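Scroll down for the structure; my scribbles are underneath it.
Here the structure is a predicted model, which is why all the values come from computation and not from measurement. Just so it is clear, the values below take in all heavy atoms, side chains as well, and ignore hydrogens, waters and symmetry mates. Chain A is the first sequence line, chain B the second, and so forth, proteins listed ahead of strands; every chain is numbered from 1.
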Number of protein chains: 2
Amino acid sequence: MNASIKDVAKIAGVSTATVSHTINNTRFVSEDIRKRVTAAMEQLGYQPNLVARSLRRQESKTIGLMIPDISNFVYTRVAEGVEVKLREHGYHVILSNSHDKLSVEAEMIKVYNSLLLDGLIMIPALGEHSYLHKALRGNYPVVFVDRRPKGFEGDCIMLDNMKSTYDVMKMFIAKGHRRIGLITGDPQLSTTSERIQGYKNALREHTIVVDESLIKKGSFSHGSGYDLTRDAVKEGKATALFFASDMMTIGALAFLQEQKIRIPQDVALISCNNFKWTEITQPSLSVVEQPSYEEGQKAAEVLLSRIAGEGGETQFKEYRIATRIILRQSFSMDES
Amino acid sequence: MNASIKDVAKIAGVSTATVSHTINNTRFVSEDIRKRVTAAMEQLGYQPNLVARSLRRQESKTIGLMIPDISNFVYTRVAEGVEVKLREHGYHVILSNSHDKLSVEAEMIKVYNSLLLDGLIMIPALGEHSYLHKALRGNYPVVFVDRRPKGFEGDCIMLDNMKSTYDVMKMFIAKGHRRIGLITGDPQLSTTSERIQGYKNALREHTIVVDESLIKKGSFSHGSGYDLTRDAVKEGKATALFFASDMMTIGALAFLQEQKIRIPQDVALISCNNFKWTEITQPSLSVVEQPSYEEGQKAAEVLLSRIAGEGGETQFKEYRIATRIILRQSFSMDES
DNA sequence: TTGTAGGCGTTATCAG
DNA sequence: CTGATAACGCCTACAA
C-alpha cells in the first residue's frame, strides 16, 4: 500500500492540511514545518495519489488523444507532437485508436467523459460527427487535427492540402503534363475534398478540361494504390500522378514496375510524406513533406490555451500548416 | 456538470446503494426497481465516474504502456497489439514515450505509481534497470516486451533474435559467403547481444573465424547504417550484410547506390522488418519478418493473467515469438 | 501560522 | 430485498 497524506501528517506531527499546502505551495508554511514535512515525505517515498486529486479537483491533468490508426506513421507523428508538448506542461496522454471507425470513436468518447479529462485532441474517424453534439457535454475543450469533422464545429489544425495539391499540379503542368491523375483517399475526408479543389483550380487556371475519371478515390492502402494507378494509366492515359498517401504510392510502384512503365519518362510521380525510404527507391521519389509533428504540437498548444480559458471567445479557429514540395527523380530526371 | 449516482437515486426514488448494485449486478434487484433505475440513468445520460470508482475500488482498469519511440513502426505495432487485446477486456491504455531515455522512463514510472494502474507493459529504455527495484512498489504487475531489462527480473516477451540471426547466417553461408557483416544496434540491448550470439554460433559451426570488425554496433538510424555499411564493405570486404533495423538498411542502400555497388552481386543484403516498401526497392529486399503486433498481444495476455492473480507463482516466464525469413532479390537474384 | 472537517462520486459493510 | 453510512485520498473553506 502506498503512503497517504495522513501517514505523512502523522510522522511530521502536523495536520493533513499543512501537508497538502506544503506540497502545493498554496499557503505559507514555516520553514521548520516545511522541513519536517518534506523529511516525512522522503522517508515514506510519498507521492500524492493522482486519482484522489483528480476527484477532488475535478481535473486530471490528462488529455485524451484519438487517432484513426496507431500503426500509421503520419498519425503517430501527430501523436508524438502532442505528447511532447503536453508533457512539457505536466499533462499526460491517454491514447486511443479509433481504427477509423465511428463506433469505436463514440465508445471511447463515453469513457473519456467519465475520466475527468481536461481536454481532447482527435483526428476524427471516417463519417458524420454530428453525434458529438450529444456525446460531448462541454466538460472539456476539444481540438481536431489533420481532418475537419463533418457536422461539428471546433478548433481545427490542418495541413494546407488545397494549396499543396495546387502547387504540385502547377509543377506538373509547367513540365508539359496535361493528363494528370489524382490518386486520393475517401471522398468523405476533408483532406480529399480539399485536394480535389486544389487540383481543379490549377487545371482550370490553365484551361485544362478536368477529366473526372482522372480523379481516383480509394482507401489509403497498397491495393487501392495499385488498382487506381492501373486505371489512371491504362484507361486514363495519365502521364503524371499525385498520391495522397505513401501506402498508395507503394502500390503504384508495384504496378508500374510490373508493367515496366518507366518513371518519370512514361509517368511522373509525386507522393505524400517525406519518409526516409522515398530517397532510396529507384528513381527516388518526389514528395510533399507533411509536417505532422508540427500539427500535433500546434494542436496541443491550442488545447492548452483553451484549457487556460483563453477561449472565452466561443469563436473557433482554423489553423493551417504549410507543406513543402521536394523534387526528386520521379518528377524529372533533371532532379538530383 | 455530469449527473452523479445521487441524482439517479433521487429520480428513481431509491438509495445510491441500489443504483450502484444495479449498475454492477452485484446483488439482487427487483425487476421494478431495476426498470426505474435504468430509466433514470437513461434520462440523465448517466455514466459512472471512473475516477471516483478507481479511488474506491483501488483499481483503474487502466494499464500503462511505455515505448522508447512513438514514431517507430515496430514499437507502435507492439502498442497496437497491446491496445487491441486490452480493449477487448475493458482496459484502457496510458501511453508514454520514454524517448529511449532512462530519466524520462523513471519520471513516468512515478506518475504511473500515482494513478492506481492495474499493470504496466514496457519496452525498457537503453540502460540499467535495477532502479526499478525501488521505483516499482509491487502495486501492479509489470511485463517487459521486445527487450530484456538489465538488472531487473520480470515476465518478458521477445522475438527469437538469436535464432533468426543464426538462420540468416546459415543462408548466407550456404550461398558461399564467408565475410558477413552484422549491422546492429546498441550493445547494451538484449536484442543486440542475442543477435551477436546467433551470428557467432552460425559461423563457428562452419569453422569460419569470427572477425570482430565485421560486427558493427551503432544506433538504429539512417546515418549509422550508412557509416557502418561503408566500414563493413570498404574495410571489412564484406560480401553479405544483415541489418538489425530498417532505418539502418535505408542508410546502407544510400551508400551502396552512391558507390554503385551492386546488390546482390557485390553485396547481398537481408534486413529486418517486412515493411511494404521493402518490396518495391530495386532490387527488392530480403527481410526477417518481426511479428511485433503479436509481441504486443502476448504481452497483454501475460499481463492480464498476472492481474487475474494467476501469477501466484512468483516464477517469471520468458516467451519467444518466432520470426520468419522472406527471401527476395537482395539475397540472390534467383528469388522472385 | 496551523488545524478541523466536509465533500468530490463510488462501493461495500452493515443493518433492517 | 433495500437503505444508511463509512471510506478511498485529497483539497479547501472556515475556524482557531
When rounded to whole Å, the NZ to P distance for the pair B:K6 and C:dG6 reads 13 Å

Along DNA chain C (nearest heavy atom to each residue), the more 5'-positioned of B:T18 and B:L55:
B:L55

Which of the following nucleotides, C:dG9, C:dA5, D:dG9, is nearest to the side chain of B:S4?
C:dG9

The side chain of A:S15 is closest to which nucleotide in this list: C:dT4, D:dG3, D:dC10?
C:dT4

Taking CG from B:D7 and P from C:dG9, how many angstroms apart are they, rounded to a whole number?
8 Å

Would you mind checking if A:D100 and A:R147 are paired as a salt bridge, meaning a charged N to carboxylate O distance below 4.0 Å?
yes

Taking only N and O in the side chain of B:S20, is any of them less than 4.0 Å away from OP1 or OP2 of C:dT11?
yes

Below 4.0 angstrom from OP1 or OP2 of C:dT11, is there any side-chain N or O of B:N24?
yes

Full working for side chain to side chain contact (heavy atoms under 4.5 Å, CB included) between A:I23 and A:M41
CA-CA 10 Å; A:I23 292 171; A:M41 295 200 302; 3.8 Å; yes

Who pairs with B:Y319 by side-chain hydrogen bond (donor to acceptor under 3.5 Å, both in side chains), at least two apart in sequence or on another chain?
none

On the side chain of B:R56, is there an atom forming a donor-acceptor pair with the base of D:dA7 - under 3.5 Å, no angle test?
yes

Within this structure, what is the CG-to-P distance between A:N25 and D:dT12, rounded to whole angstrom?
13 Å

Let's see if you get this right: which residues in residues 26-33 of chain B place a heavy atom under 4.0 Å from DNA chain D?
B:R27, B:F28, B:V29, B:S30, B:I33

If you look at every strand shown and take non-hydrogen atoms under 4.0 Å, does A:E59 touch a base, only sugar-phosphate, or nothing?
nothing

When B:R57 and B:R36 are each assigned the nearest nucleotide of DNA chain D, the 5'-most assignment goes to B:R36

Side-chain N or O of A:Q58 versus OP1/OP2 of C:dG7: is the shortest distance under 4.0 Å?
no

Nearest whole Å is fine: how far is C:dG9 P from B:I23 CD1?
14 Å

Could you check how far NZ of B:K10 sits from P of C:dG9, rounded to whole Å?
12 Å

Of all heavy-atom pairs linking B:L116 and B:S60, the shortest is O-OG, 2.7 Å

Please examine the side chains of B:I94 and B:L115, heavy atoms only from C-beta on, and report whether any two atoms are closer than 4.5 Å.
yes

Per nearest nucleotide of DNA chain D, the residue lying toward the 5' end, B:T16 or A:A52, is B:T16

Between D:dG9 (P) and A:M41 (CE): distance, integer Å:
17 Å

Taking all non-hydrogen atoms of both residues, which atom of B:K298 and which atom of B:I157 are closest, and how far apart?
CG-CG1, 3.8 Å

Rounded to whole Å, the CG-P distance (B:L44 to C:dG9) equals 13 Å

Would the number of heavy atoms belonging to other residues, nucleotides or ligands and lying under 6.0 Å from CD of A:E88 be above 12?
yes

Just compare C:dT2, C:dT10, C:dA12 and give me whichever is closest to any side-chain atom of B:H21.
C:dA12

In whole angstrom, what separates A:I5's CD1 from D:dA7's P?
18 Å

Regarding B:E105 and B:Y131, do their side chains bring together a donor and an acceptor under 3.5 Å, going by distance alone?
yes

